[in-house]
Amino acid sequence: MRPTRKDAYKLFHEGTLALADVERNGIKIDVPYLKNQSEKIKKRIQKNQDLFIQSELGIAWKSVFKEKTNFDSGFQLSKLFQILGIKVKNITEKGNISVDEKSLNELVKSIPEIDILLRMRKLKKLEGTYIKNILESCFDGYCHPSFNLHKVRTYRSSCSEPNFQNIPIRDKEIGNIIRRAFIPRQGRKLLECDYTGIEVRIACCYHKDPVMVSYIKDKTKDLHRDMAMQCYSLDKDQITKDIRYCGKNKFVFPQFYGDYYVNCAKNLWEAIDEMDLKTAQNIPIKEHLSSSGIKTYSAFEKHIQKVEKDFWEVKFKKYTEWKKLHYKRYLQYGYFDTLTGFRCSGLMSRNDVINYPVQGSAFHCLLWSLIQVQNILKEKNMKSLIVGQIHDSIILDIESSEEEEICEILKNIMTKKIIEHWDWIIVPLDIEIEITPINGSWNEKKEKSK
DNA sequence: CCAGGACGCGCG
DNA sequence: AAAGCGCGCGTCCTGG
């Protein structure tokens, strides 16, 4: 760890103490539920395996690998594909046949039993990585993950034994099963408080791009929607939730992290069929693109290249200037300092240099807030407890009667006090609060009405 | 037999 | 010229 200033040292010193409290508090686990689920999931895995063995692919697998057959082995599967002459588009970094979910999904049409294999993988991940691990690390019904501040290059935190920061949520079915196991103490609620779009906002504090700042300050503006419009050549009234999602996750964020138009174009294009994208007026996107003169993939790629050029050279000119200057300074000095006072040095790629300071400082906003909230809870002798942290969110186990006071404290610290504390924060910060019912589990969290 | 590489996959 | 950032953890597999 290389703090360059006293306040940076202080942040991590106090952060360590506060996180030690969080670790000691622990999060309550519904152990009987989890044990029951473990059995159920194991049975489902077995059922799928029985089904797969009898499938054409399963039989071929057995005839090739005999007693060594192992349906968990990606190595065997890629060998099998080679032998059977099954073509797979994607390859791994080391040049081997890729058998990840995306590659396999492309084969489902011609080999339907692949679906069973994918199902098995999902359930095994759930049981092996989550259910089993949480049960094993549970002590007296409480799980006490370790929150580390000394292990990440960007000065973010990490979490282990178990890793509380990667509990499934994107896959609804899997997410519900596992999050149902995280519960509040008797008669209480779980509360999760997120910083909304913290990395984009903290990036503004570095590049100070006026266009980006106005996107954040002006609530009628919407960058993800605007970029979705440009990428798919649409008007405002043609945008749907799915189309905006693609603008956000297949153009804007990848671009911020340093991706380039070839990948973006590919992902935006593939999403059209995968998600069956249609305009709000129900016109299929490819049809729409075609009538706007973009008839082939190659034309689409050229179009996205132009969108990218406009994005960085026209729209966010000042952002681009910062990236250039910041990287140049790194090349000159061999290091750079974050706004929060930490030094990053050593060999880094251009993308690393641009991303590290933002990722680190964004987390430091969360850490600083967590420390303040923890101190207030102690000073006021409150019963609510902080039980976890996930990069841009704090999770509390709250006494119901303290709910309103807790929300006030969170809002005050995370959106007001922090701006007073760090004068380099030049954009407003905002939070979102989600709460479970009394005795409700983590999968029942709902946004608190304001 | 163990350590570590490779891969896959979960989250922000 | 390069070509998306950060983690932890499970399994399989190879090489010492």
Side-chain angles (χ1 to χ4, degrees), chain A residues 65 68-79 90-104 117-118 120-134 136-137 145-171 174-175 177-179 192 194-200 202-203 249-267 305 308 323-324 327 331 344 348-363 366 388-395:
Chain A
F65 293 98
K68 283 190 178 165
T69 295
N70 182 348
F71 297 143
D72 294 334
S73 169
F75 179 79
Q76 288 188 7
L77 185 55
S78 58
K79 277 269 180 292
N90 303 327
I91 55 161
T92 66
E93 207 171 314
K94 298 285 163 187
N96 302 315
I97 290 177
S98 176
V99 290
D100 63 5
E101 188 178 0
K102 197 167 183 301
S103 307
L104 294 190
L117 196 64
L118 287 171
M120 259 160 64
R121 269 196 198 165
K122 274 229 149 66
L123 295 171
K124 280 192 176 167
K125 177 85 176 170
L126 171 64
E127 162 60 21
T129 303
Y130 298 103
I131 297 182
K132 180 176 70 66
N133 249 355
I134 292 164
E136 277 172 4
S137 64
S146 295
F147 292 97
N148 316 298
L149 289 179
H150 62 294
K151 297 182 73 166
V152 181
R153 277 202 280 274
T154 60
Y155 298 99
R156 241 202 196 179
S157 68
S158 76
C159 179
S160 58
E161 294 173 296
N163 184 352
F164 180 68
Q165 295 178 323
N166 71 346
I167 307 298
I169 190 166
R170 296 174 194 170
D171 182 315
I174 303 288
I177 293 174
I178 193 67
R179 283 174 184 247
E192 184 165 354
D194 288 54
Y195 267 122
T196 45
I198 187 80
E199 285 200 17
V200 176
I202 295 310
N249 293 300
K250 296 170 196 291
F251 186 83
V252 176
F253 278 145
Q255 286 290 334
F256 282 164
Y257 288 135
D259 210 351
Y260 78 133
Y261 71 95
V262 172
N263 286 334
C264 293
K266 195 170 130 250
N267 292 328
Q305 184 176 16
E308 181 188 80
K323 291 202 292 189
K324 268 192 187 160
Y327 185 53
L331 291 181
C344 297
M348 285 175 266
S349 72
R350 185 175 179 277
N351 282 337
D352 291 341
V353 174
I354 289 158
N355 288 322
Y356 285 11
V358 176
Q359 189 182 99
S361 306
F363 168 66
L366 190 279
Q389 161 268 124
I390 314 180
H391 308 303
D392 66 355
S393 75
I394 302 177
I395 293 93

- [ ] Counting heavy atoms from C-beta on, name the nucleotide in C/dG6, B/dG8, C/dC13 closest to the side chain of A/Y356.
- [x] C/dG6

Open item on the list: What contact category does A/V99 fall into here, base, sugar-phosphate, or nothing, at under 4.0 angstrom with non-hydrogen atoms?
Closed with: sugar-phosphate

Open item on the list: Main chain of A/K132, side chain of A/E127: is a donor-acceptor contact present, judged purely on distance under 3.5 Å?
Closed with: no

Open item on the list: Counting distance alone, no hydrogens or angles: does the base of B/dG12 have a donor or acceptor under 3.5 Å from a partner atom on the side chain of A/R170?
Closed with: yes

Task: Nearest to side-chain heavy atoms of A/D72, which nucleotide of B/dA6, C/dT11, C/dC7 - done: C/dT11

Task: Distance-only donor-acceptor test (3.5 Å): side chain A/R156, base B/dG12 - done: yes

Open item on the list: Taking any heavy-atom pair under 4.0 Å as a contact, classify A/E161: base, sugar-phosphate, or nothing.
Closed with: sugar-phosphate

- [ ] Return the nearest nucleotide to the side chain of A/P254; candidates are C/dG10, C/dG4, B/dC7.
- [x] C/dG4

TODO: Check the side chains of A/Y257 and A/Q359 for a donor-acceptor pair under 3.5 angstrom, ignoring hydrogens and angles.
DONE: no

Task: Side chain of A/K151 - closest among B/dC7, B/dG12, C/dG8 - done: C/dG8

Open item on the list: When you compare the side chains of A/D100 and A/S98, does any donor N or O come within less than 3.5 Å of an acceptor on the partner?
Closed with: yes

TODO: Tell me what A/K125 touches on the nucleic acid: a base, only sugar-phosphate, or nothing, going by heavy atoms under 4.0 Å.
DONE: base

Task: Nucleotide paired to B/dG4 in any strand shown, Watson-Crick or G-U, under 3.5 Å - done: C/dC13

- [ ] Look at A/S98 and B/dG8 and indicate whether a side-chain polar atom (N or O) is within less than 4.0 Å of OP1 or OP2.
- [x] yes

Task: A/K102, NZ atom: more than 12 neighbouring heavy atoms under 6.0 Å - done: yes

